[in-house]
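Okay, so here's the structure we're looking at.
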Amino acid sequence: MTAVPLAEARRVFLGAPRWLALTGAGMSVESGIPPFRGPGGLWERMNPEEYAHVRTLERDPARAWELFRILEAAIAGARPHAGHVALAEAERRGRLNGVTTQNIDGLHQAAGSRHVIELHGTLRRWVCHRCGLAMAPEDVDRRGPVPLCGCGGVIRPAITLFGELLPPGALEHSLELLEAAGRLLVVGTSAEVHPAATVPHLALERGMPIIAVGPDPTPLLESRGVAWLRGTAREVLPRLLEESEGADA
Ligand code: NAD
Ligand code: ZN
């Protein structure tokens, strides 16, 4: 299937009252945060099953901390772009009932989105892996190779590692919002990472209208029943979500 023109994607969007947005790593690429997969992605240099697995955190925390430092450096100074802002404005106007994201960078909240479900947790909060004490990033004592809590446990970001469950209720809540909206706007995800991919797959199965934004063909974007708006999040979301006439050009 080929991509649809902007005017057609806008007709689909404006033709329904309310949508749920699902975002992935591609959403933040234009904020300067690289995706994990694909050319230049982090996983070309690091094996995810090794570095990002909870087992590594428990057996060789210094190795896990190499990854955490790279992730922190990647989000340091990143700012939301016009696509994040367009999603936040669409939510304020009542056109989105929420954003469910695989991203751990906090940029949707920074752009003003209120109802954000972080399927893979967040790098903006840290916790002790042993006692669960939560702390802000600036409160983590980083002087040693592996920051430790007062209880002796390893401090780690509140993100979902391989081998861990998603934050309690996050997927269920996303599916409730999907049912309530009945339509899905997908941005910047290949929908290959499970269980997050349950969200678009359920929408597909149920025959819900889906608009998907991304620059490259992927099986999801090219699926039957998906209106694929080819482009990048920063370029096309403001134009897709703009309510005024004349934005169709
Ligand atoms: P992914 O496999 O879902 O791939 C990213 C998708 O974004 C690809 O389909 C690509 O074509 C598309 N894309 C690239 N540039 C884009 C742009 N400018 N606009 C719109 N779409 C674009 O994602 P991944 O990198 O494999 O990440 C998997 C998991 O890793 C995520 O679920 C997340 O937990 C984590 N991650 C988070 C961040 C972040 O927080 N910003 C970044 C990388 C990875
Ligand atoms: Zn502790």
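Note that ligands are numbered from 1 as they come in the structure, with each ligand's atoms numbered from 1 the same way. The first residue in the sequence is number 1, and the count goes up from there.
A distance below 6.0 Å separates the ring centres of His173 and His115.
Distance from atom 39 (C) of ligand 1 to its nearest protein heavy atom, with residue and atom name: Asp105 OD2, 3.4 Å. Remark: minimum distance from atom 18 (N) of ligand 1 to any protein heavy atom is reached at Glu30 OE1, 3.2 Å. Looking only at protein heavy atoms, the nearest one to atom 37 (C) of ligand 1 is Asn103 OD1, 3.9 Å. For atom 35 (C) of ligand 1, the closest non-hydrogen atom of the protein is Phe36 CE1, 3.3 Å.
Some N or O of Gly188 is nearer than 3.5 Å to an N or O of ligand 1, by distance alone.
The set of protein atoms (N, O or S) found at less than 2.8 Å from the Zn ion (ligand 2) reads Cys128 SG, Cys131 SG, Cys149 SG, Cys151 SG, by chain and number.
With a 4.0 Å heavy-atom cut-off, ligand 1 is reached by the backbone of Gln102 and by its side chain too.
Using a 4.0 Å cut-off between a side-chain N of Lys or Arg and a carboxylate O of Asp or Glu, Glu242 and Arg10 do not qualify as a salt bridge. A salt bridge is defined here as a Lys NZ or Arg NE, NH1 or NH2 lying under 4.0 Å from an Asp or Glu carboxylate O, and Glu72 with Arg124 fails to meet this definition.
Nearest-heavy-atom check against atom 22 (C) of ligand 1 across Ala233, Gly214, Pro215, Ala25 picks out Pro215.
Using a 4.0 Å cutoff on heavy atoms, Ala78 does not count as a contact of ligand 1.
We find the NE2-CD distance between His120 and Glu164 to be 11.5 Å, quoted to the nearest 0.5 Å.
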